K.L.:
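I have a structure here, written as structure tokens, and I will follow up with some questions on it.
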Protein chains: 2
Amino acid sequence: MSDLLERLRGRGWRLTAQRRVVAEVLDGDHVHYTADEVHAKATERLPEISRATVYNTLGELVSLGEIIEVSTDGRAKRYDPNAHHAHQHLVCSRCGTIRDVHPAGDLLAGLPAEERFGFQVSAVEVTYRGLCPGCSGA
Amino acid sequence: MSDLLERLRGRGWRLTAQRRVVAEVLDGDHVHYTADEVHAKATERLPEISRATVYNTLGELVSLGEIIEVSTDGRAKRYDPNAHHAHQHLVCSRCGTIRDVHPAGDLLAGLPAEERFGFQVSAVEVTYRGLCPGCSGA
DNA sequence: ATCTTGACTTAGACAAAGTCCAATGTAAGG
DNA sequence: CCTTACATTGGACTTTGTCTAAGTCAAGAT
């Protein structure tokens, strides 16, 4: 994701300080932040950045296919910078932490034709749920 | 789900007019309503029912395992009355319609031990996405 | 049948997450 | 360095959901 900014500029993206900071936050750790967490991290480097801009920028990155929006429960959406590798998610039922996982086999194949009701099925999302080591211990 | 009320009373549930109405709404059509939609339908039969009670009752029915909470996007949660048959969801990417589907095989088995990162994995949710017959035709 | 009591309901305040808008600022091509 | 179209800002607003204090009522006890 390091050449992300160049790639986006090639697509006519106007490069601003705010957008750079948001992209850097996502590029840093490999965690799935909420919009508010992204805003908090971005504020450390660019104190005057507004919440609206963070939301705008995240929305654009999603439309451009650079990050993935994950809404695992009724809480805040999280943003997954790992958009270029197919993967699924493992979510802690208590604290909401998300890990990327890679299940075996062809997930689409699990749905027989007679269960497709005429849909053109094009994608599968799988969410595994359970307690993470930290939460199950306590 | 017709004997739902009896079953719950057997478990010490106090049977009130409000709870009966909420249960009847869910029992009626086989649709996945949002909490607000349930409230609207309930209000038709019992005008003075409050939002808080609808939320409370839905929450109780979820804890009791009688209905399932589904959040397919970042929007409002939906409630699925079909809790006694394990099933997954097929969602139309354009119009948002949800169908219940029954994939083949053991879905939990798809996640190898080395991909579990110490989690106690207890559930899987699968969402298939695609275009429904109506939307793909256009 | 009526009483009692603790569980249930209510309205409205509150909170979290996100969207929208008009005014202002600025990146980048000319 | 000018221009201008695009980006940013702060704050109001919306949606979805939670909480609380006070009033109400279902159901077992008498």
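Throughout, protein chains are lettered first and strands after them, A, B, ... in sequence-line order, and every chain is numbered starting at 1. Remember, it's a predicted structure, so these values are computed and weren't measured experimentally.
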K.L.:
Start with the C-alpha distance between B:E60 and B:R19, add both sets of side-chain angles, then the distance that settles salt bridge (charged side-chain N to carboxylate O under 4.0 Å, His left out), and finish with yes or no.
P.N.:
CA-CA 10 Å; B:E60 286 155 15; B:R19 287 175 169 179; 3.1 Å; yes
K.L.:
Answer with base, sugar-phosphate or nothing: what part of the nucleic acid does A:T16 contact at a heavy-atom distance below 4.0 Å?
P.N.:
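Counting heavy atoms under 4.0 Å across all strands, the contact made by A:T16 is with sugar-phosphate only.
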K.L.:
Do the side-chain N or O atoms of B:S50 get closer than 4.0 angstrom to the phosphate oxygens (OP1, OP2) of C:dT9?
P.N.:
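No, no such contact exists.
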K.L.:
Mark yes or no for a side-chain to base donor-acceptor pair under 3.5 Å between A:R14 and D:dC6, with no hydrogen or angle criteria applied.
P.N.:
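Side chain to base: pair found, below 3.5 Å.
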K.L.:
Between C:dT9 atom C1' and B:H39 atom NE2, what is the distance in whole Å?
P.N.:
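Result: 12 Å.
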K.L.:
How close do A:A23 and A:L5 get, heavy atom to heavy atom, and via which atoms?
P.N.:
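The answer is CB-CD2, 3.9 Å.
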K.L.:
Hey, is the main chain of B:H85 close enough, under 3.5 Å, to the side chain of B:H87 for a donor-acceptor pair?
P.N.:
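Between the backbone of B:H85 and the side chain of B:H87 there is a qualifying donor-acceptor contact (under 3.5 Å).
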K.L.:
Evaluate A:E125 against B:V126 for side-chain contact (heavy atoms from CB on, under 4.5 Å), listing each step before the verdict.
P.N.:
CA-CA 6 Å; A:E125 280 163 34; B:V126 181; over 6 Å; no
K.L.:
A:I49 has an atom CD1; how far is it from atom C1' of C:dG25, in whole Å?
P.N.:
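The distance from CD1 of A:I49 to C1' of C:dG25 comes to 14 Å, rounded to the nearest Å.
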K.L.:
Between D:dC6 atom C1' and A:R9 atom CZ, what is the distance in whole Å?
P.N.:
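One finds 16 Å between C1' of D:dC6 and CZ of A:R9, rounded.
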K.L.:
Measure from CG on B:L61 to P on C:dC8 and round the result to the nearest Å.
P.N.:
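Rounded to the whole Å, the gap is 12 Å.
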K.L.:
What distance separates A:D36 CG from A:K77 NZ, expressed to the nearest 0.5 Å?
P.N.:
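The NZ atom of A:K77 is 13.5 Å from CG of A:D36, to the nearest 0.5 Å.
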K.L.:
Within the structure, does a side-chain N or O atom of A:R19 lie under 4.0 Å from either OP1 or OP2 of C:dA27?
P.N.:
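No.
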K.L.:
Taking protein heavy atoms under 4.0 Å as touching, what does nucleotides 11-16 of chain D look like 5' to 3' if B marks base contact, S marks sugar-phosphate-only contact and - marks none?
P.N.:
-----S
K.L.:
A:R20 has an atom CZ; how far is it from atom P of C:dT26, in whole Å?
P.N.:
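Taking atom P of C:dT26 as the reference, CZ of A:R20 is at 14 Å.
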K.L.:
Nearest whole angstrom, please: distance from the P of C:dG25 to the CG of A:L15.
P.N.:
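About 21 Å, once rounded to whole Å.
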K.L.:
Taking the ring of A:H32 and the ring of A:H89, is the distance between their centroids below 6.0 Å?
P.N.:
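Here the rings of A:H32 and A:H89 have centres that are less than 6.0 Å from each other.
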K.L.:
Could you state the CG-C1' distance from A:N56 to C:dA17, rounded to the nearest angstrom?
P.N.:
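Rounded to the whole Å, the gap is 15 Å.
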K.L.:
Output the rounded distance in Å from CD (A:Q18) to C1' (C:dG25).
P.N.:
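Rounded to whole Å, this separation is 10 Å.
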K.L.:
Looking at residues at least two apart in the chain, or sitting in another chain, which of them share a salt bridge (charged side-chain N to carboxylate O under 4.0 Å, His left out) with B:R9?
P.N.:
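Partners of B:R9 by the salt bridge (charged side-chain N to carboxylate O under 4.0 Å, His left out) criterion, ordered by chain and then number, come out as B:E6.
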